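Because the structure is predicted, anything quoted here is derived from the model rather than measured. In the text below, chain A, chain B and the rest are named by the order of the sequence lines, each starting its count at 1. Note: hydrogens, waters and symmetry copies are ignored here, and every other heavy atom, side chains too, is used.
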Amino acid sequence: MSSKVVTRFAPSPTGYLHVGGARTALFSWLLARHFGGEFLLRIEDTDLARSTEASVTGVLEDLRWLGLNWDNAELVYQSKRVAIYDRLIEGLLSRGMAYKAYETPEELEGQRRIAERAKRPYIYSRPKLSEEQVRKFEADGRKSVVRFVMPVKEYRFTDVVLGKEIVLAANQVQDFVLRKTDGMPTYHFAVVVDDAEMGITHILRGQEHLLNTVNHIGLQDALGYARPIYGHLPVILNTEDGSKMGKRDRDKKIRHHAHLWMKSSKMAAADLARLAELGMERVEWWLADTGRQLEGSEQKKIMGVVGLKETDLPEILIHDFRANGYLPEVMLNFLSLLGWSPGGDREQMSTLEMIELFSLERIGQANAKFNREKLLAFNTEACATSPEMRMVAVMRDFLSVNPQSPMNAASDEELRAVLKMNAGMRILREVEEKSRFLFVADEKLEYQPEAVEKVLRKNERQGYIALKNVRDILAGVADWSGAALEEAVKKYCETAGLGLGKVAQPIRVAVSGSMVSPPIFETLAFLGKERSLRRIERCIEVVGHAD
RNA sequence: GCCCCCAUCGUCUAGUGGCCCAGGACAUCUGGUUCUCAGCCAGAGAACAGGGGUUCGACUCCCCUUGGGGGUACCA
């Protein structure tokens, strides 16, 4: 095997990149990089109704974020290659290797139902049309598709991932559609032509394509193409129910909550539709069947009504993980372990190590469940061990996709300091939630009622009193450093006979507005004497007044 | 229904006939550390789906059962 390895990733732009697609892309990329070959990108936009340019942009951005760089400067769009497909299809037609078929989708559906009712497997049977019938169909303006004359025989091919030969019996093959009524090629046709023309040597794809492969090799034989090496990757499943992990899962959760909401608030679908400013039929249609999906904008409206936050939804899309503050290198590492293992006890790897260690033989056969907790643990470790510079860059990227965060105003130096005081962070979203108060104007700081109650008011306002007392101590601290502040406050605790927690928590609430923040002395040092005291002063006033 | 794929701790997996009364990681549980959250440290429990073969010997090979997943489109 002296020829160069050429792999590809060929997403259909009907949504953003999800973990399954990313894993497929990663494996193809690793294979190419391992052998010093090429990794190409192609956009499979033959489904005119569902493909969008926004999806293409999104997928490309996600791939770039992950660092899965592709080698073709010019992207291949199947929608721009229709003339090429047409020429080849005409060739097949003229040689009798394909034919026009005139059944409507409804007629086919009917045939399928009949077969199902008779408990017979449905296999499309080629109708024998007389020339006269064909003329009549054409004259009636009946739309036609082009079907491939699939040679009836046993098909077999070797799968490198499964490590075995896949056999499909002759009675299972059937003629399939090459060109749809709208003139676009089907996936099956375009994929075979493009893989051949792009010189793809290895095709890695999800196991849902396993049986499609026989159609593809039937076509390859008819068109005189060489057969690439195939490998079908195990499917990534949900931990919760073991079903295939996919974009539908977010929709599933929203629907579930919508039902709960209707039950608890005694509302009907019509009320939900009205409040969400959506059509009633649309909402009812969606609620009725778990197989149905709403558009992203519609989902948002429903979520607003039933009280679901973006962060309540399961992360499925690569973009979700980015927006929650996972590191791309961690995603890559974790994804690589879903179906692959370098062997032994090896788990955490840099991308370079993954390239070096990757091999098709070590890809597993069993489906894998996506374990979020383990991903979190990997991310925690990476956050703890990555260089400061890297973390600042990652934080910037995180903030760029969270433009509403006040932390966007922070300088690199400030980010570095914030990251440092957040040692032990798991994801960047936690850093943001825990530290955003540092970048809110003193007078705009909001005090959580529960925090004020529990920490300052409870037990005869012990916390409030401690805060007042420690305010005077802090006002007298000359060296406003973490260490000096700690010393001063601890000394106060000792003389007052209080545990550090009894004093630290009131200060925390006063400067952050909540019961959770980075370590209190570092927080004070970051804010500086003036701002710290101003916040404490304001808190004393606000809480005192409220009585 | 039919076709195809798969099967080691709760989860991801290591294991390619004796090195395994099965190793690692995450999760769980128990202690410890700590100004909150998180983290960190120490320890513990936890698996070869079942039944037949093959073999001197099976987690490893073969068959069946069961279970899980995928496909069955003018979607990819």
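- For the pair Thr46(A) and A76(B), the criterion of a side-chain N or O lying under 4.0 Å from OP1 or OP2 is met.
- For G1(B), the paired nucleotide is U72(B), the pair qualifying as Watson-Crick or G-U wobble because both relevant distances are below 3.5 Å.
- Taking atom P on both nucleotides, A58(B) is separated from U65(B) by 24 Å, rounded to a whole Å.
- Going from the P atom of G23(B) to that of A47(B) covers 11 Å, rounded to whole Å.
- Asn212(A) has its side chain within reach of Tyr187(A): a pair of non-hydrogen atoms, C-beta onward, lies under 4.5 Å apart.
- When the nucleotides C5(B), G70(B), C3(B) are ranked by their closest atom to the side chain of Glu208(A), G70(B) comes out on top.
- Nearest-nucleotide assignment on RNA chain B puts the 5′-proximal partner with Asn371(A), out of Arg362(A) and Asn371(A).
- Base contact: Pro518(A) has a heavy atom under 4.0 Å from a base atom.
- Contacts of Gln348(A) with the nucleic acid, taken as non-hydrogen atoms under 4.0 Å apart, are absent.
- Ile166(A) comes within 4.0 angstrom of sugar-phosphate atoms only, judged by non-hydrogen atoms across all strands, and of no base.
- Within the 4.0 Å cut-off from OP1 or OP2 of C12(B), not a single side-chain nitrogen or oxygen of Arg23(A) is found.
- Checking Tyr102(A) against Glu107(A) by side-chain atom types alone, no donor-acceptor pair falls below 3.5 Å.
- Of the P atoms belonging to A44(B) and U13(B), the separation is 26 Å, rounded to the nearest Å.
- Base-pair partner of U60(B): not found among the strands shown (Watson-Crick or G-U wobble, both distances under 3.5 Å).
- Out of G69(B), C35(B), C75(B), the shortest distance to the side chain of Asp47(A) is found at C75(B).
- Distance from the side chain of Glu373(A) is smallest for C26(B) among the nucleotides C35(B), C74(B), C26(B).
- Listed nucleotides C4(B), A76(B), C75(B) differ in distance to Leu168(A); the shortest reach to its side chain belongs to C4(B).
- When heavy atoms are screened at a 4.0 angstrom cut-off, Ala377(A) is found touching the sugar-phosphate backbone but no base atom.
- Note on Leu211(A): a base of the nucleic acid sits closer than 4.0 angstrom, heavy atoms only.
- With both pairing distances under 3.5 Å, U30(B) is matched to A42(B) as a Watson-Crick or G-U wobble pair.
- Here the separation of G68(B) from A25(B), taken at their C1' atoms, is 24 Å to the nearest Å.
- Residue Glu347(A) is in base contact, counting any heavy-atom pair closer than 4.0 Å across all strands shown.
- Of the two residues near RNA chain B, Leu500(A) and Pro234(A), the one whose nearest nucleotide lies more 5' is Pro234(A).
- Remark: A14(B) base-pairs with no nucleotide in the shown strands. Criterion, Watson-Crick or G-U wobble with two distances under 3.5 Å.
- Put simply, Lys164(A) has a side-chain N or O that comes within less than 4.0 Å of OP1 or OP2 on C5(B).
- Backbone-only engagement by Ser341(A) is indicated by non-hydrogen atom pairs under 4.0 Å involving sugar-phosphate atoms exclusively.
- Using a 4.0 Å heavy-atom criterion, one finds that Asp182(A) contacts no nucleic acid atom at all.
- Distances shown here put a side-chain N or O of Lys180(A) below 4.0 Å from the OP1 or OP2 atom of C75(B).
- The six-membered or imidazole ring of His232(A) lies away from that of His209(A), with a centre-to-centre distance of 6.0 Å or more.
- Of the P atoms belonging to U60(B) and G17(B), the separation is 11 Å, rounded to the nearest Å.
- Judged by a 6.0 Å distance limit and a 45° cone about the ring axis, Arg23(A) is positioned over the six-membered ring of Phe27(A).
- Across all strands shown, U54(B) forms no Watson-Crick or G-U wobble pair with both distances under 3.5 Å.
- The phosphate of G24(B) has neither OP1 nor OP2 within less than 4.0 Å of any side-chain N or O from Arg346(A).
- Put simply, Lys369(A) has no side-chain N or O that comes within less than 4.0 Å of OP1 or OP2 on U13(B).
- The ring of Phe370(A) has its center no closer than 6.0 angstrom to the ring center of His18(A).
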- request: Applying side chain to side chain contact (heavy atoms under 4.5 Å, CB included), run through Met198(A) and Val76(A) and close with a yes or a no.
  value: CA-CA 9 Å; Met198(A) 291 165 76; Val76(A) 178; 3.9 Å; yes

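- Within 4.0 Å (heavy atoms only), Lys434(A) reaches at least one base atom of the nucleic acid.
- Arg112(A) has a side-chain polar atom (N or O) that falls below the 4.0 Å cut-off from OP1 or OP2 of C74(B).
- Taking CG of Leu474(A) as the start and CG of Leu467(A) as the end, the distance is 9.0 Å to the nearest 0.5 Å.
- Heavy atoms of Arg426(A) sit under 4.0 angstrom from primed sugar atoms or phosphate atoms, though from no base atom.
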